[in-house]
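Proteins come first, then strands; the chains are lettered A, B, ... in the order of their sequence lines, and each starts at number 1.
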2 protein chains.
Amino acid sequence: MTKISAPTLEDVARLAGVSTASISRALNDPDKVAKPTRDKIEAAIEALGYTPNFGGRALASNRTNTVGAVVPTMANAMFASGLQAFQEVLSEAGVNLLLATTGYDSEQELRQIKALMAHGADGLMLIGDARPQSTRDFLEKRRIPHVISWCFQPDASPIHVGFDNRAACYAATQHVLELGHRRIAMICGVRQGNDRAADRFDGVSAAIDDFGQGAAMVRAVDAQYRLEFGGDAFEKIMSQSPRPTAIICGNDVLAAGALKRARELGIDVPGDVSLVGFDDIGLASVVTPALATVRVPQIEMGREAARLLLARLSGEEGGGPVELHTEFMPRASLAPPAQAVDQPEP
Amino acid sequence: MTKISAPTLEDVARLAGVSTASISRALNDPDKVAKPTRDKIEAAIEALGYTPNFGGRALASNRTNTVGAVVPTMANAMFASGLQAFQEVLSEAGVNLLLATTGYDSEQELRQIKALMAHGADGLMLIGDARPQSTRDFLEKRRIPHVISWCFQPDASPIHVGFDNRAACYAATQHVLELGHRRIAMICGVRQGNDRAADRFDGVSAAIDDFGQGAAMVRAVDAQYRLEFGGDAFEKIMSQSPRPTAIICGNDVLAAGALKRARELGIDVPGDVSLVGFDDIGLASVVTPALATVRVPQIEMGREAARLLLARLSGEEGGGPVELHTEFMPRASLAPPAQAVDQPEP
DNA sequence: TAAAGATATGTAAGCGCTTACAAAACTGGA
DNA sequence: TCCAGTTTTGTAAGCGCTTACATATCTTTA
């Protein structure tokens, strides 16, 4: 009664009349102890309200059952819903999630990786492939089990879970070109230190080049992934000539920002200019006009990343890489250009 | 050289020619060791690439420098951006974040609270005030340091950080009433087990009652906080008579769902019916018409919650409760009703 | 019914760190 | 120079758990 500190294994052992070892077994590997003993143990645990002490467990077993995720930001619905799914799968496996954000800063990423490891993460989930050598070295030297998500290359290593950003943008751009657009602009994410943003740009650029027929990228502006910056970039692009007839955006947030600014400037979408986003976050189908975009399997990606990481933590070598597929979502913000060249009248 | 496992304190001690105690001190309380010794120690740590073992540290000090957050979902931008801020403040203090979600299920909440505690959280951040006695008991008996966020009552306890949901809705409803609306409907969140949703309903309801002049809540529908359900609820409400002239929604996601469905059904907003949301997530100002809503200081709330929790963990008793303020944001989705009764022609 | 094998439980040695306490090495003033 | 006071360092006892190994208990089968 006067006992202040939490009950320990020993307390439970005393009450149940068994050894601490049996209790540990009952907890971690139940069928190693006989039913009657298990019942006694469970009763004692219940009576005392016992919960295992984390430090003791971690120290003795050298495992925390905790994994870390280091993502650019939770403020983008994209990552938020992926993390949600990631966390759910972990939770089912009794593993907890340590979460840290980088704000798209690679030094911050290394700092957070170190922090999570110092806080006992058994493994990590990271976003994207672009990181400085110092970070790679750290991961390598410490032999930190990790998976890399949100990107996938044809030559992806077994720790990748994601989709091919370049290919997805290539395909989306083809749709735009086939509608008759020839003057195309892009509002990219900041490509420096962000392989996804760079890959998306490359995809758009390559599709335009390969298409020929006078198609050209008339302008590309890097913008941080925030509504206002999408708007600013839009305004910049539209204030110069030649104006594009379609703008492809690095993600839906940028596209939504562009759309909002278009409305404010009295520029009609898609009448004056078509807009295409990327990610298909909830917002994309709610705005007017609805945003043409590329659907990314966010939930599935989170889940698969969790599965792969759990598999690696339990020593399995296979299981990866996992490629997921994207789908172009044509919607009202994308229409043929006003003076469509290749669009014969019916 | 053949050593596989990570270097321990003892390894460092041997190399530096001091005792393990000194090293521990150098690490945790540097000015307790003389400069020359500290230098030797730092050199040895560097040489060995030593990092403290988490389990050992946690076991011996009974602290993990980790706090947990248990939120309904990350999929709502509301919580995502609050968490983002929460995490940033923690990170600056060298504290890491364990994150778990409940899906608005209170049993799941208790399970996750237990899981986070079992994973060594020093304290918790929880959302809202409504939870079963069993959960309260658990928090109480374990004396778990925690803060409760996203809600605030006039009689709030020192662990609350948030705003008054009821008052915020009361004020918003007054705006609606003053514009001339008399038949008002509400699409609430699911009130069962969610005090914020219940408070919001109460606020709307009370404002209508207090206003008199024939104002009435013609219908209230509970809906899960998801776009589709907002749409479904909207359709249900608008299919019955008398139709409301304004619908107040429990949050922006529901309102956006309603708006989308309105468009699909050919119902004009605000011509046929006005719509009001809650939270002011990014989406609210991007949709057309822009959504009238209540701005909630999400970032500030996350920050304050982190500060208060850190303060409590370091033994300070004061610091709370913290009340934050909301602001009604009139926007295009709210206009006087078509046949405004109290709106004299100019 | 006894012996061999399988199953269940107990014993006790750490895991790597912190920290109370003891011991040693410094101060400076008489 | 010596001593009391102060600062720095070392010693060693845990923190609560897991797990290899030893021991005890139950099955089988000949």
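Considering only side-chain N and O atoms, A:Arg25 lies nowhere under 4.0 angstrom from the phosphate OP1 or OP2 of C:dA8. Phosphate proximity of C:dG10 to A:Ser22: present, with a side-chain N or O under 4.0 Å from OP1 or OP2. For B:Thr8, no side-chain nitrogen or oxygen approaches OP1 or OP2 of C:dG16 to under 4.0 Å. Checking the phosphate oxygens (OP1, OP2) of C:dT18, a side-chain nitrogen or oxygen of B:Asn28 falls inside 4.0 Å.
Atom CG of A:Leu59 is separated from atom C1' of D:dT19 by 13 Å (rounded to the nearest Å). One can place OH of A:Tyr50 at 7 Å from C1' of D:dG16, the figure rounded to the nearest angstrom. Going from atom CZ of B:Phe54 over to atom P of C:dC17 covers 13 Å, rounded to whole Å. Distance CZ (B:Arg57) to P (C:dC15): 19 Å, rounded to an integer number of Å. The NZ-C1' distance, from A:Lys40 to C:dT9, rounds to 10 Å in whole Å. One can place CG of A:Asn53 at 13 Å from C1' of D:dG14, the figure rounded to the nearest angstrom. Atoms CG (A:Leu9) and C1' (D:dT19) sit 13 Å apart, rounded to a whole Å. Atom CG of B:Asn62 and atom C1' of C:dA20 are 17 Å apart (whole Å).
A pairwise comparison of heavy atoms in B:Ala100 and A:Gln87 identifies CA-OE1, 3.7 Å as the closest pair. B:Asp31 and B:Arg38 make their closest contact through CA-NH1, 4.2 Å (heavy atoms, listed as atom of the first residue, atom of the second, distance). When all heavy atoms are compared, the tightest approach of B:Ala305 to B:Met125 is CB-CG, 4.2 Å.
Comparing the local axis fitted to the first five base pairs of the helix from C:dT1-D:dA30 to C:dA30-D:dT1 with the one fitted to its last five gives a bend of 40°, rounded to 10°.
Ring-plane geometry between B:His119 and A:Phe54 is classed as tilted, the angle between the planes lying from 30 to 60 degrees on a 0 to 90 degree scale.
Comparing B:Ser19 and B:Gly56 along DNA chain D, the residue whose closest nucleotide (by nearest heavy atom) sits nearer the 5' end is B:Ser19. Between B:Pro36 and B:Ser61, it is B:Pro36 whose nearest contact on DNA chain D lies nearer the 5' terminus.
Counting only heavy atoms from C-beta on, B:Thr37 has its side chain closest to D:dT8 among C:dA8, D:dT8, D:dT19. Looking at the side chain of A:Ala21, the nearest of the listed nucleotides C:dT18, D:dG10, C:dG10 is C:dG10. Side-chain proximity of B:Val33 to the nucleotides D:dT9, C:dG14, C:dT18 is greatest for D:dT9.
Here the rule is side-chain contact (heavy atoms from CB on, under 4.5 Å) with A:Leu126, and of A:Val147, A:Val71, A:Ile113, A:Thr102 only A:Ile113 fits it.
The distance between the ring centers of B:Phe79 and B:Trp150 falls below 6.0 angstrom.
In the displayed structure, A:Gln133 atom CD is contacted under 6.0 Å by more than 12 heavy atoms of other residues, nucleotides or ligands.
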